[in-house]
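A note on names: the letters A, B, ... follow the listed sequences, proteins ahead of strands, and every chain is numbered from 1. Just so you know, these numbers use all the heavy atoms, side chains as well, and skip hydrogens, waters and symmetry mates.
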2 protein chains.
Amino acid sequence: MTVRLADAGDHIVLKPCIHDYQVNCGNCRLNSICLPLALESDDIEQLDNIIQRSKPLQKSQHLYREGDEFKSVFAVRSGAMKAYKTTDDGREQVTGFYFPGEILGMDGISNNLHASSAKALETAAVCEIPFTSLEKLSAMMPTLQRHFFQLMSREITADQQLITLLSKNSADERVASLMLSISTRNSKRKLSATQFRLPMSRVDIGNYLGLTVETVSRVFSRMQKLEILRVDNKEIKILDVQGLQKMANVGD
Amino acid sequence: MTVRLADAGDHIVLKPCIHDYQVNCGNCRLNSICLPLALESDDIEQLDNIIQRSKPLQKSQHLYREGDEFKSVFAVRSGAMKAYKTTDDGREQVTGFYFPGEILGMDGISNNLHASSAKALETAAVCEIPFTSLEKLSAMMPTLQRHFFQLMSREITADQQLITLLSKNSADERVASLMLSISTRNSKRKLSATQFRLPMSRVDIGNYLGLTVETVSRVFSRMQKLEILRVDNKEIKILDVQGLQKMANVGD
DNA sequence: GAACTACCTTGACTCAAATCAAGGCTGCAT
DNA sequence: ATGCAGCCTTGATTTGAGTCAAGGTAGTTC
């Protein structure tokens, strides 16, 4: 059975081969997420000039690796990315999933080395923002400087959310929270909040949430039995948002 | 039995009532940790001018609370602080411990509201750095701007370390890692790396590491039995650094 | 210095998630 | 179409940390 991916027509199509190289920040339909600046059009043009748009990454291709020299941060334009660290004993800790309009790579600033690796979960296009140019432009444009401080701060609060989730919540609550997070982020980019395709594997979800694959799989089965979700491999349909919120144990 | 607190004379005395209000950034002995800038003395003076030094906080007094308006970031001058969030069901998640020279409050930038609360673990003095002034100064001083980006990035990598610890490591490994982290940070400020007094309670340690008090206590007992640490309430003496590293399971 | 409180430790028991094991799907390559 | 490899699911069993319970210790107040 086939499921429609998006309910909002052709806003952002998560299929390969539709990557518009001519897009610029001024007309990018993600700029309300990516750069919610009250930028003067002149400012946008300056920003646009420093941004490099390269050819799309294929699934499982790396954007950068832990230890690489840090030169740029990246905005996801289409597709999805994961950031992860490899622990001393070789296991993988996923530190974040990044969807269109979201920025990654900021952990590399502190040491001029990327502190994590970034890999495409599916065919993905990114905008590269060279950091030295961004710094110079920030010094000249107070709103941009402010905005970038805010982006970094948001990464910190997101990490703290995850810390709390890992430290205090059960397997059910963790998976439910992730589903709600993806749902919310989808609706921000005008995609369906209730129906979507997960770009990551169960292993990735487990590595993000501090759970094993088996546990993630069991939670999905449980949610399906409770008629909170319909799960068909990577296709997710949220049947009962309130039930999901209750399962996530989030205060509302 | 009494234990000397510091091995380096009167560098930083963790006892109350020795707080020098006349300190400025130029002569502060923490500036190699707090602001490792190759700042011109003129630059230091400008920075110094925006920094406010208020009277010390008493133990368990709040510096700010979750939801307060964000106005400033803070540098710890003496004592120790903890940052924490309260979960929807009233439990506490400690997101970080902050020692002299370390900066806290950066999670408030994203929403202009503090995303966590900060409380003194013992009598503590802080330097308040008003954020709007810092922004203005950053736009004028590239090294300061760069430095502040790096500080925020460091907070991100620290959070990612904690995420990995919570997600992948056993109780033994978590407690051992925290002891090593405190040891390292102590030696950076010329204090003993092997002997120190924990400013936080077992409950705080548990809330930071995602463990219960009982588990933290049992780990300390185990470490003592293995002659890795000597634990006398809050006094810690590391007897076997290599054993501790092995227990933390950190690659070297 | 007695009493109180907050903090810490230890033991016995329980339970949620990990581990171990096996089998089923899916989609790609031949 | 067939075979293969990676991914996902389900069941049985184990285990590390949580929970419950009780008692000890240190520091503070009166």
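In this structure, B:K59 does not pair ionically with B:E122, as no charged nitrogen and carboxylate oxygen lie closer than 4.0 Å.
Of all nucleotides in DNA chain D having an atom under 4.0 Å from a heavy atom of chain A, the first and last in 5' to 3' order are D:dC8 to D:dA12. In the 5' to 3' direction, nucleotides of DNA chain C lying under 4.0 Å from heavy atoms of chain B begin and end at C:dC8 to C:dA12.
Side-chain contact, A:D107 with A:S116: a donor N or O sits under 3.5 Å from an acceptor N or O. Side chains of A:T86 and A:E92: no donor on one and acceptor on the other come within 3.5 Å. With hydrogens and angles left out, the side-chain atoms of A:K85 and B:Q160 include no donor and acceptor closer than 3.5 Å. Under 3.5 Å, the side chains of A:K168 and B:Q93 contain a donor-acceptor pair of N or O atoms. Using modelled atom types and a 3.5 Å distance limit, the side chains of B:T164 and B:S167 yield no donor-acceptor pair. Neither side chain, B:D172 nor B:S170, offers a donor N or O lying under 3.5 Å from an acceptor on the other.
Open room surrounds NZ on B:K246; 12 or fewer heavy atoms of other groups in view lie less than 6.0 Å from it. Within 6.0 Å of CZ in B:R65 there are 12 or fewer heavy atoms belonging to other residues, nucleotides or ligands.
A heavy-atom distance below 4.0 Å to DNA chain C is reached by these residues of residues 209-226 of chain B, ordered by number: B:E214, B:S217, B:R218, B:S221. Within residues 161-169 of chain A, no residue is approached by DNA chain D to less than 4.0 Å at the level of any non-hydrogen atom. Near DNA chain C, meaning a heavy atom under 4.0 Å from it, residues 199-207 of chain A has no residue at all.
Looking at A:R53, its side chain never comes within 3.5 Å of a backbone N or O of A:E128 through a donor-acceptor pair.
Residues A:H62 and A:S117 share a closest heavy-atom pair of CD2-CB, 4.1 Å. Nearest heavy atom pair, residue B:I103 against residue B:C34, reads CD1-SG, 4.0 Å. Heavy atoms only, all atoms of each residue included: B:F97 and B:D204 are closest at CZ-O, 3.8 Å.
Within the 6.0 Å centre-distance limit, the rings of B:Y64 and B:F74 are counted as a close aromatic pair.
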Side-chain donor-acceptor distances from residues 174-183 of chain B under 3.5 Å, at least two apart:
residue: B:R174; atom: NE; partner: B:N169; partner atom: O; Å: 2.8
residue: B:R174; atom: NH1; partner: B:L209; partner atom: O; Å: 2.8
residue: B:R174; atom: NH1; partner: B:G210; partner atom: O; Å: 3.4
residue: B:R174; atom: NH2; partner: B:L166; partner atom: O; Å: 3.2
residue: B:R174; atom: NH2; partner: B:N169; partner atom: O; Å: 3.1
residue: B:S177; atom: OG; partner: B:E173; partner atom: O; Å: 2.8
residue: B:S181; atom: OG; partner: B:R185; partner atom: NH1; Å: 3.1
residue: B:S183; atom: OG; partner: B:A193; partner atom: O; Å: 2.6

